[in-house]
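Inspection log for the structure reproduced underneath, given as structure tokens.
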Amino acid sequence: MSDDIRTIRLQKLARMRELGRDPYAVEKWKRTDTAHGLLENFEEGREVSFAGRVDSHRPSGKAGFMHLTDGEGRIQVYVRQDGVGEVDYELFRLLDIADHVGVEGELFVTKSGERSIKATHVQPLSKTLVTVPLGKEAEGKEYDKPADPDFLLRHRHIDLLTNRDSRKKLIARAKITSAVRRYFDSLGYLEVETPLLQLEAGGAAARPFHTHYNAYDIDVKLRISLELYLKRIICGEIDKVYEIGRVFRNEGVSNRHNPEFSLLEFYESYVNLDTMMERVEGCFRTVATEVFGSTEVEVALSPGDIEDEVDPQEVVKLDFSKPWRRVNLMEEIERHTGLAAADFVDLETAKAALRERQVTNPANGKRILLDNERNLGGLIEKLLEVFVEPTLQNPTFVVGYPIETSPLAKKDPNNPRMTRRFEGYILGKEVCNAFSEINDPVDQRERFEQQLGEKAKGDDEAHPMDEEFIYALECGMPPAGGCGIGIDRMAMMLAGARNIREVLLFPFMKPRPAAGAVQPVATLSE
RNA sequence: GGGCUUGUAGCUCAGCGGUAGAGCAGCGGCCUUUUAAGCCGUUGGUCGUGGGUUCAAAUCCCACCGAGCCCA
């Protein structure tokens, strides 16, 4: 059947060509206004030239209407045969929904009061060969739009055409990235690009993707973070450096995980955690102001954001004008679990204390699963996740992370079990991770060796040894602060997305099985 | 991994044991101010895939493949 439609459309295209008006032969069309601009600065009688996509098409014998959209707005065009001539009128009739068309004419108001263009000239600019499901629209209400999220994600162009909300979020996400760039550029940071193909993927705890480099016949990995290369640049006396780049983690897909995602990391020499906090605050403030127009951003909460049921319509105001709250990790854990510092001397003591006091997960009242924890640091981070994170609704920095889970952060001089590291949280979710970077090559080597020990014990996310990185430290690295921010998570939060796919134009999709199903004729050549 | 829901024409959906329907889109016709345009006519689906039960399955059962939500 779709072949029939295609055939008919091709016939219409042929007819347009017969009339000497091949849509595909046109290269440009003057647009004096956008649809929005036309409606806002409406001036009856003004001559305009406009182009857009046919959104509704209501021809009759010798006169008719169509609505055209241009991405941001929608305007009606009135075409009458004695206004455009027979050829143009036939071209108008040969249009289908979703075709692109250019019109010239003058602004006027219809009998029923709609601001419109009365065409004097109509020229098709592209012909659709399939039915494009745009749905219908009237008085702000929308009808029969495609609703299957799977379909819309596999054909994002249709989502962009039909779903204003999707469009808004994806545009916001793009603008966030560019606002972040402007912020760091304005501080004198240098933006760089570092290798995606690496012999050892380091800088984070994650499994990499593997691939093969034929020319050298070696296996290589896709990067999982930007960290180690950026710090080598710091060692080269470039004192402020950042990168926004795609990293790849060989993990499952979820509401908040895509195998490739965008990471911002920035490093600055001779500064401590306080400066890093200021940078994070400044970055969010800049993004809020530039993308959302205010240091106060309203974020729609969706069910699941907070432990208890929340009205889906509930909106929270996040204020980025002020410094974020600062808390200490162990103090928060002790406060929320009732355990004391003495309970955290080692893994077994801590497990015993939790068992003895029958500490349960406040979200569901169940015991906390501790069997998977191999070390005290892991246990502490688990407690952070269960007890503390849900309480961190307003922007908050949590300072002081355990040494086992922080192999790249300086030791805390006051507590050898802890490191100089913080994470930022908003609405209970992690938004950044920052260290005072280790610049002691001997310490760094020991940390990597500890990690190799964990790997030997079966932790396949443990950090690999990186001799070139150690060599860079041996050559001298200044004290420096470093920080990573997940751009997608940031965008989700600020744009009010509940799924990471809402802020990724083309999230990874499982391939479809060959059989059956609604595969539009459009090619899927990738 | 577990639970619930779901997969019917290009799109939105109805049908829920008797052999496939509506609206929109499409096609043909009428209409020179319509607007989810209208009127008349009309094309289009092996009802996700594979098994089973039954005289009979889109409809009941099982498995598989997708999707959505919730839980872990």
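Computed over heavy atoms, backbone and side chain alike; hydrogens, waters and symmetry mates excluded. In what follows, every chain begins at residue 1, and chains take the letters A, B, ... in the order their sequences are listed. In this text, all values refer to a predicted model and were calculated from it rather than measured experimentally.
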* **Test salt bridge (charged side-chain N to carboxylate O under 4.0 Å, His left out) applied to A/E298 - qualifying residues, sequence neighbours left out** => none
* With sequence neighbours left out, what residues match A/H210 under ring pair (Phe, Tyr, Trp, His ring centres under 6.0 Å)? -> none
* **Contacts of A/H336 that satisfy ring pair (Phe, Tyr, Trp, His ring centres under 6.0 Å) - sequence neighbours left out** => none
* Asked: Heavy atoms under 4.0 Å, any strand shown: does A/K136 hit a base, just sugar-phosphate, or nothing?
  -> sugar-phosphate
* To do: For A/R501, answer base if it contacts any base atom (sugar-phosphate contacts may also be present), sugar-phosphate if it contacts only those atoms, and nothing otherwise; contact means non-hydrogen atoms under 4.0 Å.
  => sugar-phosphate
* **salt bridge (charged side-chain N to carboxylate O under 4.0 Å, His left out): pairs with one or both residues in residues 48-64 of chain A, sequence neighbours excluded** => A/D55-A/R74
* To do: Could you give the distance separating B/G66 and B/C40 at their P atoms, to the nearest angstrom?
  => 46 Å
Under 3.5 Å, which donor-acceptor pairs do the side chains of residues 501-508 of chain A form with other protein atoms, sequence neighbours left out?
residue, atom, partner, partner atom, Å
A/E502, OE1, A/K169, NZ, 2.9
A/E502, OE2, A/R498, N, 3.3
A/E502, OE2, A/N499, N, 3.2

* Contacts of A/F209 that satisfy ring pair (Phe, Tyr, Trp, His ring centres under 6.0 Å) - sequence neighbours left out -> none
Would you list the protein and nucleotides 12-16 of chain B atom pairs, both N or O, that sit under 3.5 Å from each other?
residue, atom, partner, partner atom, Å
B/U12, OP1, A/A147, N, 2.7

* Which of residues 56-86 of chain A have a heavy atom under 4.0 Å from RNA chain B? -> A/R58, A/P59, A/S60, A/G61, A/K62, A/A63, A/F65, A/H67, A/Q76, A/Y78, A/R80, A/D82
* Side-chain N or O of A/K12 less than 4.0 angstrom from OP1 or OP2 on B/C27? -> yes
* To do: Return each pair, listed once, that meets salt bridge (charged side-chain N to carboxylate O under 4.0 Å, His left out) where at least one residue sits in residues 114-134 of chain A; pairs must be two or more places apart or across chains.
  => A/D96-A/K127, A/D99-A/K127
